[in-house]
Amino acid sequence: MPSPAKSNGLYIVGLGPGKAEYMTGRAVEVLADVDYVIGNDSYLDAITPLLEGKQVIRSSMGKEVERAKKAIELAQIHSVAIVSGGDAGVYGMAGIVLEVLEHAGATIPVEIVPGVTAANAAASVVGAPLSGDFAVISLSDLLTPLEVIEKRLDAVFSIGIPVVIYNPRSHGRPDNFALAMEHARKYYPLTVPIAIIKNALRNDGTNPVITTLGAIEKSIDEIDMHTTVIIGGTESRIWRMENNVKGIITPRGYHRKYLY
Ligand code: SAH
């Protein structure tokens with residue numbers, strides 16, 4: 001049995017994109033202090049060294065409501081961390097845990113520990129594509145109807161800003177990404193740059209692919225559920241680094257005001 005908790009409470013913790021050094025200090029501290037850690041297998045595997053001496057409850061994808069209920073039940077008397085990849089509030093566990101907590105009328109202490117979300121991790125490996133306003137859209141239609149996703153895509157592409165696509169393509173819905181590109185082509189020139197970033201800031205990370213809206217069809221097979229795609233905005237451009245490596249810059253507008 002676990003030792004009696006120092007105090008009860010629930011921590012909803014974002015673990016960052018993958019590599020240990022991209023976790024926040026607070027996330028490391030909380031994981032060191034709690035009695036229980038709950039999460040889905042792939043995230044728990046990534047933090048094995050931090051789980052020594054803990055009670056670990058492994059859950060699987062699609063079992064989020066069950067996981068939230070279990071965490072809340074345990075947190076009545078223990079200290080419990082429920083973990084998500086990236087930021088726990090961005091397509092993560094924070095929302096559902098707070099909803100279940102509210103519904104249960106429970107009054108346990110809760111702390112949400114933010115993490116580096118995939119948009120920031122992915123942007124960092126290709127330059128500065130998100131330097132001004134940008135939008136984030138998930139193509140997963142498990143919880144959001146596809147027609148709503150399509151409306152949102154039209155809304156953000158119609159204002160010309162960079163769009164970060166989460167959950168771009170899976171076996172269950174191989175066609176949503178191509179559909180999103182059809183919406184992009186209604187508003188953006190074919191020269192708009194696109195970055196395909198798989199496993200950003202993870203140990204198994206690969207080199208990102210930089211392409212354009214006109215050539216994206218050739219790279220669609222590279223895109224899976226471990227990938228974030230950044231569609232540049234109308235002002236974004238390809239950035240050529242040394243060794244002909246490419247990235248993306250979205251100028252924020254300094255060139256309109258300063259000489260450099
Ligand atoms: N809470 C997470 C997002 C969960 S949704 C966060 O804040 O990052 C899952 C999607 O996030 C994946 O399909 C992928 O699009 C994206 N993602 C998460 N981690 C990633 C990484 N290290 N590299 C690239 N994409 C990632």
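Numbers here simply count residues along the sequence, with the first being 1. Every number for a ligand or one of its atoms is a count from 1 in the order of the listing. Being a predicted model, the structure only gives us computed values, none of them experimental.
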Which residue and heavy atom of the protein sit nearest [atom], plus the separation:
| atom | result |
| --- | --- |
| atom 3 (C) of ligand 1 | Val90 O, 3.5 Å |
| atom 4 (C) of ligand 1 | Tyr91 O, 3.6 Å |
| atom 18 (C) of ligand 1 | Ala118 CB, 3.6 Å |
| atom 24 (C) of ligand 1 | His226 O, 3.2 Å |
| atom 11 (O) of ligand 1 | Tyr166 CD2, 3.5 Å |
| atom 15 (O) of ligand 1 | Thr227 O, 2.7 Å |
| atom 23 (N) of ligand 1 | Ala200 N, 2.8 Å |

Would you call [X] a ligand 1 contact, heavy-atom distance under 4.0 Å?
| X | answer |
| --- | --- |
| Pro168 | yes |
| Gly85 | yes |
| Asn167 | yes |

Residues 171-188 side chain polar contacts: donor-acceptor under 3.5 Å, at least two apart:
unit_1 : atom_1 : unit_2 : atom_2 : d
Arg173 : NH1    : Asn167 : O      : 3.3
Asn176 : ND2    : Leu139 : O      : 2.9
His183 : ND1    : Asp154 : OD1    : 3.0
His183 : ND1    : Asp154 : OD2    : 3.4
His183 : ND1    : Lys186 : NZ     : 3.4
His183 : NE2    : Glu150 : OE1    : 2.7
Lys186 : NZ     : Asp154 : OD1    : 3.1
Lys186 : NZ     : Asp154 : OD2    : 3.3
Tyr187 : OH     : Asp154 : OD1    : 3.2
Tyr188 : OH     : Ile161 : N      : 3.3
Tyr188 : OH     : Ile161 : O      : 2.6

Donor-acceptor pair between Asn40 and Ser42 side chains, under 3.5 angstrom: yes
Can you name the closest pair of heavy atoms from [X] and [Y] and give their distance?
| X | Y | result |
| --- | --- | --- |
| Ser79 | Asp33 | OG-O, 4.0 Å |
| Val83 | Gly39 | CG2-CA, 3.9 Å |
| Leu130 | Ala119 | CD1-O, 3.8 Å |

Do side-chain atoms of Asn199 reach the backbone of Gly205 as a donor and acceptor pair under 3.5 angstrom? no
Has ligand 1 got any nitrogen or oxygen that is less than 3.5 angstrom from a nitrogen or oxygen of [X]?
| X | result |
| --- | --- |
| Gly86 | no |
| Asp87 | yes |
| Ile165 | no |
| Arg202 | yes |
| Pro17 | yes |
| Val116 | no |

Taking 4.0 Å as the limit for heavy-atom contacts, which would you say applies to Ser138 with ligand 1: side chain only, backbone only, both, or neither? neither
Considering only NZ, NE, NH1 and NH2 on the basic side and carboxylate oxygens on the acidic side, decide whether Arg67 and Glu73 come within less than 4.0 Å. no
Is the closest basic N to carboxylate O distance between Asp204 and Lys19 below 4.0 Å? no
Could you walk me through whether Thr227 and Asp224 pass the side chain to side chain donor-acceptor pair (under 3.5 Å) test, one step at a time? CA-CA 5 Å; Thr227 308; Asp224 62 13; 2.7 Å; yes
Does CG belonging to Asp133 count more than 12 external heavy atoms closer than 6.0 Å? no
If you count the non-hydrogen atoms of other residues, nucleotides and ligands that lie under 6.0 Å from NZ in Lys54, is the total more than 12? yes
Can you pull out every salt bridge (charged side-chain N to carboxylate O under 4.0 Å, His left out) where at least one residue sits in residues 21-31? Sequence neighbours excluded, please. Arg26-Glu29, Arg26-Glu111
Going by the atom numbers of ligand 1, which of them fall below 4.0 Å from some non-hydrogen atom of [X]?
| X | answer |
| --- | --- |
| Thr117 | 6 (C), 7 (O), 8 (O) |
| Met225 | 12 (C), 13 (O), 14 (C) |
| Thr228 | 14 (C), 15 (O), 16 (C), 17 (N), 24 (C), 25 (N), 26 (C) |
| Ile197 | 24 (C) |

Trace of the side chain to side chain contact (heavy atoms under 4.5 Å, CB included) decision for Arg58 with Leu44: CA-CA 8 Å; Arg58 293 173 176 270; Leu44 293 174; 3.6 Å; yes
